J.: 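Quick one: structure below, then a few questions.
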Amino acid sequence: MLGPQHFGAFSGVGALAVLFGTLSSFGTHLVLLSEVSRDPKNRTSVLVYALPTITVNASLLLLIHFLLCLIIFNSSSINWSIILAIGLAEIFLQPFIALAASEILALEKAARSQLIQIAPLFLRLVVAIIVFSTQPSDILTVYVFGYLLVTLIALYVGAACLPEKWPSPRVWKLPTLNQLKTSSAFAFLNITALGPTELDKVMAVNLLSFSAAGVYSAGARIIGAVTLPVIALMISVMPRLFREGGENKKSTKKLLKYIFSACFFYSMCLSFVLWWIAPYLVWFFGVEYDGVDDMVRWLCIAIPGMAIRIAAGNMLMALGQPWMRFIFELTGLLILSFASVVLTNRLGIIGMPLALACAEWMMCLLGVFLLRRDL
C-alpha cells in the first residue's frame with residue numbers, strides 16, 4: 001500500500017523505535033524471567049523496581065527518539081504525529097507487554113507467553129487488513145494510530161492474564177545499585193540482540209534512496225519473520241537453561257547439540273525454500289517492489305548464520321555469560337555498520353544483504369566458539 005519509498009522511511013522510524021524500546025525496560029523483564037523461573041515468590045521484589053524503571057526510561061527514550069527522527073527523516077513523508085505514535089507503541093507500551101510475557105514464561109506457560117508477545121503483531125495485521133480494505137486517503141496515519149491503539153489493547157490483555165495484579169505505584173521504588181548492575185547486563189544484551197535485525201533498516205535509509213531502502217526492508221522483514229520458529233525454540237527452553245545453568249555440563253552439552261542441530265537444519269531448509277519462491281514475491285508485493293526477489297535470494301545467505309546466532313546468544317545469557325553475549329553481538333553490530341558503508345558504496349543496494357550476512361556469520365562463529373570454550 002505504501003510503496004517502497006514511503007515504506008522505507010516508515011521502516012526506518014519503526015526500526016529505530018524498536019531499538020530504543022529494547023532499552024526501556026533496562027533488562028528488568030529478563031531479571032524477572034530469571035528470578036521467577038527459580039522461585040515464583042521473587043515476583044514482587046523485582047516488579048516494585050522494574051515498573052518505575054520502565055516508566056522513567058521509556059519517557060526519556062521516547063523524547064530522544066522523537067527528536068532524532070525529526071532530524072534523520074526530515075526529508076521523508078513521515079510527520080511528527082506518526083513518529084510520536086510509533087514511539088509510544090514501541091518504546092513506552094511494548095516493554096510492559098514484554099514484562100507480562102516474561103513472567104508468564106517463567107511459570108512454564110510458554111504458549112500463553114508467546115500469545116501475549118505476538119498479540120500486538122497479530123492485531124497490527126488486522127489493522128493493516130482493515131486499512132487495505134477501506135483505502136483511507138492517508139493510509140500511513142490511519143494505520144499508525146491503529147497500531148498504537150491495538151498495542152494498548154494487547155497490553156491490557158497481557159496484564160489481565162497475569163496470576164496477580166502488578167504492584168500499585170504506591171509501593172514502587174527506585175532500583176538499588178546492585179539491582180541496576182544486575183539488570184544493566186541484560187539491558188545491553190537487549191539492544192545488541194535486536195541490533196542486527198533493526199540497525200540495518202536504519203542504515204539502509206541513510207545509505208540508499210528511500211525507494212531502495214524500502215525494497216531492502218521488505219526483504220529483510222520476510223527473513224526476520226521466517227526465523228521466528230528459532231526464537232520460539234529458544235524461548236521455550238529458556239526457563240530450563242536458567243534453572244540448570246551450567247551445573248550439569250554433560251546434560252547441558254547434549255541439549256545444546258540438539259538445539260544447534262535443529263536450528264541449522266531448519267535454517268538450511270528455509271533458505272532453500274525462500275530461494276525457490278523468491279520470484280513469486282514480486283507478484284505478491286507489486287511491480288513497485290521490482291528487485292525484492294533478488295534481495296531475498298541474497299538475504300538467504302544470512303539465514304543459517306542468523307538462526308545459530310540467535311540460539312548461541314540466548315544460550316550464553318541463560319548459562320550466566322551475558323557479557324560474552326554482549327561482546328560477540330557488539331562485534332556483529334560494528335561489522336554490520338562498517339560493512340554496510342563499504343559494500344553499499346561499491347555494490348549499491350546488494351551491499352546491504354551482504355553486509356548483514358557478514359555480520360550474522362561472524363556472530364554465529366564467535367558465539368559457538370564462546371560456548372564451546374565455556375562447556
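Since the structure is predicted, the reported quantities are computational estimates derived from the model, not experimental observations.
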J.: How long is the span from the CE atom in Met315 to the CG atom in Leu256, to the nearest 0.5 Å?
T.: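 One gets 4.5 Å once the value is rounded to the nearest 0.5 Å.
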J.: Is the Phe10 ring parallel, tilted or perpendicular to the Tyr143 ring (thresholds 30°, 60°)?
T.: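 It falls in the perpendicular class, over 60°.
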J.: Got a donor-acceptor contact below 3.5 angstrom from the Trp298 side chain to the Gly351 backbone?
T.: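 It does not hold such a pair.
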J.: Assign the ring pair Trp276 / Tyr280 to parallel, tilted or perpendicular, where the plane angle (0 to 90°) is split at 30° and 60°.
T.: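 The arrangement is tilted - the two ring planes meet at 30° to 60°.
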J.: Does CZ in Arg297 sit with more than 12 non-hydrogen atoms of other residues, nucleotides or ligands closer than 6.0 Å?
T.: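 For Arg297, atom CZ is crowded (more than 12 foreign heavy atoms under 6.0 Å).
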J.: Given side chains that start at C-beta, do those of Thr141 and Phe145 come closer than 4.5 Å, heavy atoms only?
T.: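 Yes; the side chains approach each other to less than 4.5 Å.
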J.: More than 12 non-hydrogen atoms from neighbouring residues, nucleotides or ligands closer than 6.0 Å to CG on Leu174, yes or no?
T.: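 No.
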J.: If only atom types and distance count, is the side chain of Ser24 paired as donor or acceptor with the main-chain N or O of Phe92 below 3.5 Å?
T.: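 Absent.
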J.: Quick one, Trp361 and Pro304 - any side-chain contact, counting heavy atoms below 4.5 Å?
T.: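 Side chain of Trp361 against side chain of Pro304, heavy atoms only: contact under 4.5 Å found.
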J.: Could you tell me whether the side chain of Met203 reaches within less than 4.5 Å of the side chain of Tyr216, counting heavy atoms only?
T.: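 Sidechains of Met203 and Tyr216: no contact.
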J.: Where the side chain of Arg43 meets the backbone of Glu164, is there a donor-acceptor pair that is under 3.5 Å apart?
T.: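 Judged by distance alone, yes, a pair lies under 3.5 Å.
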J.: If you measure from CD1 on Ile104 to CG on Leu33, what distance do you get to the nearest 0.5 Å?
T.: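 It is 12.0 Å, given to the nearest 0.5 Å.
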J.: For the side chain of Gln94 and the backbone of Ile91, is there at least one donor-acceptor N/O pair under 3.5 Å apart?
T.: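 Side chain of Gln94 to backbone of Ile91: no pair is present.
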J.: Look at atom CZ of Phe66 and say whether more than 12 heavy atoms of other residues, nucleotides or ligands are closer to it than 6.0 Å.
T.: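 Count over threshold, so yes.
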J.: What distance separates Leu99 CG from Leu51 CG, expressed to the nearest 0.5 Å?
T.: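 Going from CG on Leu99 over to CG on Leu51, the span is 6.0 Å.
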J.: Rounded to the nearest 0.5 Å, what separation is found between the CG atom of Asp294 and the CG atom of Leu299?
T.: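 Here the interatomic distance stands at 11.0 Å.
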J.: Do the side chain of Asn79 and the main chain of Ile82 share a donor and acceptor less than 3.5 angstrom apart?
T.: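 Between the backbone of Ile82 and the side chain of Asn79 there is a qualifying donor-acceptor contact (under 3.5 Å).
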J.: Donor-acceptor pair, distance only, cut-off 3.5 Å: does the side chain of Ser113 make one with the backbone of Ala101?
T.: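 Yes, Ser113 side chain to Ala101 backbone: donor-acceptor pair under 3.5 Å.
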J.: Test your reading of the model: is there a side-chain donor-acceptor pair from Trp166 to the backbone of Ala100, 3.5 Å cut-off?
T.: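 No; judged by distance alone, with no hydrogens or angles, the pair does not exist.
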J.: Same hydrophobic cluster for Val368 and Ile335, using side-chain heavy-atom links shorter than 4.5 Å among ILVMFWY?
T.: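 Different hydrophobic clusters.
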J.: Would you compute the distance between atom CG of Leu281 and atom CD1 of Ile222 and round it to the nearest 0.5 angstrom?
T.: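 If I round to the nearest 0.5 Å, the distance is 4.5 Å.
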J.: For Thr151, which of Leu88, Ile86, Leu121, Leu93 qualifies under side-chain contact (heavy atoms from CB on, under 4.5 Å)?
T.: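 In the set Leu88, Ile86, Leu121, Leu93, the residue that makes a side-chain contact (heavy atoms from CB on, under 4.5 Å) with Thr151 is Leu93.
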